[in-house]
Amino acid sequence: MTGIAKGLNRRSMLRGTEIAALAAPAFIGKELAKGTVTWRVQSHWPKASSSFTKSLGVLAAEVDKRTDGAFKLELFGAGEFAKGSGIYDLVHRGVLPMGSISPSYIQDDAQAASFMYGIPGTLRQSWEMQHAVKNLCIEALVNEDLAPKGVRIMAEKVLPTELTVKKIENADDFRGLNLRSSGTMLDYLARAGAAPQYIPGSELYQALSFGTVDGAHWGAAVGAKSMSLWEVCKYHVKPPLAQTTDAYIINLDALEGLDDNMRTALIDAIEMRFFARSVEYVHAEAVALSQGIEENGIKVIELPDDVLSVLTKASTEILDTEAEKGERAAQAADVYKGLMADLGYA
């Protein structure tokens, strides 16, 4: 069965409105390679997020340039077809060829996904996470589980995770605080006494405005600024909870359906942008935080020592728990522990 036939067969499972929205082929086979190929890409970033334009938008422009306009990415913001873990499902089933996700969304699908997302309280600098994910093979370990399911994940950038909250002055304020979170961070924050819950990015501002949650992490300063979180949360919390990643998820049938030049253009552009975007983000974080202080009147605060002490214990427990998921998870945990030992963190 060709890639087009698989896509059409899988689309029949969608509701009527979704079928109409996805009527065009999800991906194009090699026989049409000499024409223009357009991939629909469902982002987990809302269009208001800086990463929608500066990550996904720049990638689309780069792919267009590398293929002289023959390969185009049509971009959709969070919730237009799917949001959160639903994006992985659409790409996995071949309804869409590509999306962006947090690796935290696929922790049940790949043993090492939590390590690609980032174990809180372990690695401290962006370059450390870049090294672990790409050079020390965390990404490759995740793909060992995903390849048989017909998908491939590629890290998009490393970014810090920091809380922005309505108010926190001491450990008592932190205990019971309703916080938007995801992945291993949910357990991490819960162990320190907070009350974390998952909320999709497209619903986050509303949840903060209505008091459903008292704070959140959406990246760090860049995410808070681009998502207007500082309009309702005036306290930005240091130190970072973790170094984490965003990622692209790609349907392997769709990828194989491209001609060699288009496939190379996409893969090379993603790899190149990972390191460039990660470094850009370090710079952008400093700028965004300065702007937040000046323009939004935010106050930068430090987590209390007693909260940090509890979080340090929690990070060790989470690392050990995640390592028990299987052989690939154990290998990923060894990568973390070895790097942390080399850096003097453990």
Side-chain angles (χ1 to χ4, degrees), residues 41 44 55 59 63 85 87-89 91-92 94 97-120 122-159 182-184 242-258 260 262-279 281 318-343:
V41 181
H44 73 302
S55 290
L59 177 68
V63 170
S85 58
I87 297 170
Y88 169 80
D89 185 55
V91 175
H92 165 61
M98 182 174 171
S100 74
I101 63 170
S102 165
S104 66
Y105 300 165
I106 59 166
Q107 291 179 124
D108 294 335
D109 296 278
Q111 293 177 16
S114 294
F115 295 91
M116 186 171 177
Y117 171 63
I119 302 298
T122 55
L123 303 179
R124 303 175 187 177
Q125 302 294 328
S126 176
W127 75 264
E128 298 165 7
M129 190 65 170
Q130 294 175 49
H131 186 42
V133 168
K134 291 292 186 178
N135 299 335
L136 300 181
C137 301
I138 296 293
E139 181 183 282
L141 288 169
V142 177
N143 278 318
E144 286 185 24
D145 278 331
L146 295 185
K149 301 175 183 180
V151 290
R152 175 176 176 178
I153 196 168
M154 297 185 70
E156 180 270 324
K157 67 173 172 295
V158 170
L159 68 160
S182 64
T184 51
Q243 295 292 330
T244 62
T245 65
D246 281 327
Y248 295 119
I249 195 82
I250 304 170
N251 182 282
L252 287 176
D253 283 346
L255 190 63
E256 288 303 311
L258 296 171
D260 292 344
M262 291 182 184
R263 189 184 315 110
T264 299
L266 177 65
I267 297 303
D268 286 358
I270 291 174
E271 292 286 13
M272 178 198 73
R273 283 297 298 162
F274 170 75
F275 292 104
R277 182 69 176 133
S278 295
V279 173
Y281 216 86
I318 291 170
L319 184 61
D320 291 339
T321 298
E322 290 296 321
E324 295 173 356
K325 288 185 173 180
E327 180 182 352
R328 283 176 287 282
Q331 292 176 35
D334 286 343
V335 168
Y336 267 67
K337 291 176 180 178
L339 183 54
M340 291 170 67
D342 290 344
L343 296 169

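Numbers here are sequence positions counted from 1.
With hydrogens and angles ignored, the 3.5 Å screen pairs no side-chain donor or acceptor of E322 with any backbone N or O of A329. Proximity of a side-chain donor or acceptor of R263 to a complementary backbone N or O of L255 within less than 3.5 Å is detected. In this structure, K134 contributes its side chain and F275 its backbone to no donor-acceptor pair below 3.5 Å. No donor-acceptor pair under 3.5 Å is formed between the side chain of D246 and the backbone N or O of E156. Looking only at distances, a side-chain donor or acceptor of T245 sits under 3.5 Å from a matching main-chain atom of M116.
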Could you go step by step and tell me if Q107 and K325 meet the side chain to side chain contact (heavy atoms under 4.5 Å, CB included) rule? CA-CA 10 Å; Q107 291 179 124; K325 288 185 173 180; 4.3 Å; yes

Please evaluate residues S102 and Y105 with respect to the criterion side chain to side chain contact (heavy atoms under 4.5 Å, CB included), reporting the C-alpha separation (whole Å), side-chain torsions for both, the decisive distance (0.1 Å), and the verdict. CA-CA 6 Å; S102 165; Y105 300 165; 3.9 Å; yes

Give the intermediate values and the outcome of salt bridge (Lys or Arg N to Asp or Glu O under 4.0 Å) for residues K337 and D334. CA-CA 5 Å; K337 291 176 180 178; D334 286 343; 5.3 Å; no

Let's go through V158 and Y281 carefully: what are the C-alpha distance in whole Å and the side-chain angles of both, what is the deciding distance for side chain to side chain contact (heavy atoms under 4.5 Å, CB included) to 0.1 Å, and is it a yes or a no? CA-CA 8 Å; V158 170; Y281 216 86; over 6 Å; no

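For the pair P97 and V91, the tightest heavy-atom approach, listed with the atom from each and the gap, is O-CG1, 3.9 Å. When every heavy atom of P120 is checked against every heavy atom of A242, the shortest pair comes out as CA-CB, 3.6 Å. The two residues L252 and R152 have their closest heavy-atom pair at CD2-CB, 3.7 Å. Nearest heavy-atom pair, I138 versus A112, reported as atom, atom and distance to 0.1 Å: CG2-O, 4.4 Å. Between A155 and E139, the shortest heavy-atom contact is N-OE1, 2.8 Å. Contact record, A113 with I106: CB-O, 3.7 Å, taken as the closest heavy-atom pair.
Distance CG/N251 to CE/M98: 12.0 Å, rounded to 0.5 Å. To the nearest 0.5 Å, atoms CG (L146) and CD (Q111) are separated by 11.0 Å. Separating the CD atom in Q243 from the CD1 atom in I119 is a distance of 13.5 Å, to the nearest 0.5 Å. Interatomic distance, E256 CD to L258 CG, rounded to the nearest 0.5 Å: 8.5 Å. Distance check, rounded to the nearest 0.5 Å: OG of S104 to NE2 of H44 gives 8.0 Å.
Between I153 and the options D145, I101, I250, a side-chain contact (heavy atoms from CB on, under 4.5 Å) holds for only I101. The residue from L141, T184, V335, L319 that alone fulfils the side-chain contact (heavy atoms from CB on, under 4.5 Å) condition with F115 is L319.
Taking 4.5 Å as the limit, every side-chain heavy atom of D109 sits out of range of all side-chain heavy atoms of V151. S55 has its side chain within reach of K157: a pair of non-hydrogen atoms, C-beta onward, lies under 4.5 Å apart. At least one side-chain heavy atom of Y248 sits less than 4.5 Å from a side-chain heavy atom of I270. Considering only heavy atoms from C-beta on, L339 stays 4.5 Å or farther from T122 through its side chain.
By the neighbour-count criterion of 12 heavy atoms within 6.0 Å, atom CD of E327 is sparsely surrounded, having that number or fewer from other residues, nucleotides or ligands. No more than 12 heavy atoms of other residues, nucleotides or ligands sit less than 6.0 Å from atom CG of D108.
Ring geometry for W127 against H131 counts as tilted: the plane angle lies between 30° and 60°, on a 0 to 90° scale.
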